[in-house]
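Below you'll find the structure, written out as structure tokens, and then a few comments.
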Amino acid sequence: ATDFSFRKALGAGSGFRPNLPARPVEELGGEAALQPWWGSEARRLQAGLSLHLQGAAWRDPDGTDFREYLRASGVGRIVVPVGLGGWRVGLEGGGGTTWGGAPPQRSWLLGGPATLRGYGASVLGGDTFLRGRLEVGRTRSEGAFSWQIFADGGWAGAREGVSRARPLYGLGVGWSLLDGLIRLDLSRGLTGAARIWRMDLYLDAIL
């Protein structure tokens, strides 16, 4: 019920993206994360991991349904200097899955700058995901400014469907400040009905 928004001003209509599917539950659980990173100089080798584990038990508020689940994911990153002139190659790959009966709000979701560029947020979802990205960039002024070209790919869905998976792919160009601390990307999806042009401004990019 807004009278003015940038979305309307750009001619994208007045509607907002619908809320994700969710189920009212009472949940008790815990989670642990490990996110080491090695290397801080833009023109030297850098690498990192992001490991996440979550488990919980939940029930309906009226107590008619009781279930348990365990979720685990891992994402690895590496940035390799290539030759002279500030050229670098960045690779990122990861996957995760869920065991047990998790509520819908605990699905793995792909889409948007953090996981799958060229597509809207949460375009894919399910109990399992696989994703990867490749970036080639050139750094200027000791990491203060750089530009990149990149390609993303990813899939999410039911674990039983991995062998029949049809991943989505996207391509784009980006510009970043302070070794990826601030990043602006222009991307386009290549496959699937949900492919679009996107401009994203975000933090903590791989390059």
Note to self: Looking at every heavy atom in both W58 and G101, which two are closest together, and how far apart are they?
What the structure shows: NE1-O, 2.7 Å

Item checked: Cluster overlap L20 with V123, hydrophobic side-chain contacts below 4.5 Å -> no

Next item on the list: Begin with the C-alpha distance, continue with both residues' side-chain angles, and end with the deciding distance and a verdict on side-chain hydrogen bond (donor to acceptor under 3.5 Å, both in side chains) for S146 and T139.
Entry: CA-CA 4 Å; S146 63; T139 301; 4.6 Å; no

Next item on the list: Using a 4.5 Å cut-off on heavy atoms from C-beta on, say whether the side chain of R183 contacts that of L177.
Entry: no

Next item on the list: Decide whether a cation-pi geometry holds between R133 and F150; the criteria are a distance under 6.0 Å from NZ or CZ to the six-membered ring centre and an angle within 45° of the ring axis.
Entry: no

Notebook entry, point to check: Any side-chain heavy atom of M199 sitting closer than 4.5 Å to one from L184?
Noted result: yes

Margin query: Minimum heavy-atom separation for P103 and Y69, please, with both atom names.
Written below: CD-CE2, 3.8 Å

Next item on the list: With side-chain hydrogen bond (donor to acceptor under 3.5 Å, both in side chains) as the test, would you mind laying out the steps for R106 and T98 before giving the verdict?
Entry: CA-CA 9 Å; R106 299 301 186 187; T98 302; over 6 Å; no

Checklist line | Heavy-atom closest contact (W155 atom, P167 atom, distance) | finding: CB-CA, 4.1 Å

Margin query: Hydrophobic clusters here meaning ILVMFWY residues chained together by side-chain heavy-atom distances under 4.5 Å, can you tell me if W175 and V79 are in one?
Written below: no

Item checked: Over 12 foreign heavy atoms within 6.0 Å of CG, L201 -> yes

Notebook entry, point to check: Do other residues, nucleotides or ligands put more than 12 heavy atoms under 6.0 Å from the CG atom of D62?
Noted result: yes

Notebook entry, point to check: How far does CZ of R117 sit from CG of L168, to the nearest 0.5 angstrom?
Noted result: 14.5 Å

Check: At what distance, to the nearest 0.5 angstrom, does CG of L51 lie from CG of L53?
Finding: 9.5 Å

Check: Is any side-chain heavy atom of V80 closer than 4.5 Å to a side-chain heavy atom of L45?
Finding: yes

Note to self: Between the side chains of E27 and R67, is the shortest nitrogen-to-carboxylate-oxygen separation below 4.0 Å, so that they form an ion pair?
What the structure shows: no

Checklist line | Flag side-chain contact, heavy atom, 4.5 Å: L203 against I182 | finding: yes

Check: Backbone N or O of L110 within a donor-acceptor pair of the T115 side chain at under 3.5 Å?
Finding: no

Next item on the list: Check whether any side-chain N or O of S50 sits under 3.5 Å from a backbone N or O of Q35 as a donor-acceptor pair, and report yes or no.
Entry: no

Notebook entry, point to check: Side chains of W99 and D127: does their closest heavy-atom pair fall under 4.5 Å?
Noted result: no

Notebook entry, point to check: Between Q105 (side chain) and R23 (backbone), is there a donor-acceptor pair under 3.5 Å?
Noted result: yes

Check: Does a sphere of radius 6.0 Å around CZ in R159 hold more than 12 heavy atoms from other residues, nucleotides or ligands, not counting ones at 6.0 Å or beyond?
Finding: yes

Notebook entry, point to check: In terms of hydrophobic clusters joined by side-chain contacts under 4.5 Å, are I149 and L134 together?
Noted result: yes

Notebook entry, point to check: In terms of the angle between their ring planes, are F129 and W108 parallel, tilted or perpendicular, with boundaries placed at 30° and 60°?
Noted result: tilted

Note to self: If I take atom CD1 from residue I206 and atom CD1 from residue I78, how far apart are they, to the nearest 0.5 angstrom?
What the structure shows: 9.0 Å

Note to self: Check E92 with R131, please: is the shortest side-chain N to carboxylate O separation under 4.0 Å?
What the structure shows: yes

Next item on the list: Before giving the answer on side-chain hydrogen bond (donor to acceptor under 3.5 Å, both in side chains), spell out for Y119 and D152 the whole-Å C-alpha distance, their side-chain angles and the decisive distance to 0.1 Å.
Entry: CA-CA 10 Å; Y119 299 88; D152 288 4; over 6 Å; no

Next item on the list: Kindly give the heavy-atom pair with the smallest separation between G118 and S187, and that separation in Å.
Entry: N-OG, 3.0 Å

Next item on the list: Starting at CD of E135, measure out to CD of Q148 and round the result to the nearest 0.5 Å.
Entry: 6.0 Å

Margin query: In this structure, would W147 and L178 fall into the same cluster of hydrophobic residues linked by side-chain contacts under 4.5 Å?
Written below: yes

Check: When hydrophobic residues are tied together by side-chain contacts of less than 4.5 Å, even through go-betweens, does L91 share a cluster with V173?
Finding: yes

Check: Atom CG in D200, atom CG in L186: separation rounded to 0.5 Å?
Finding: 9.0 Å

Notebook entry, point to check: Could you give the distance from CZ (R77) to CH2 (W38), rounded to the nearest 0.5 Å?
Noted result: 13.0 Å

Notebook entry, point to check: Minimum heavy-atom separation for S122 to L109, with atom names?
Noted result: OG-CD1, 3.7 Å

Notebook entry, point to check: Looking only at heavy atoms, what is the nearest atom pair of D179 and Q46, with distance?
Noted result: OD2-NE2, 3.4 Å

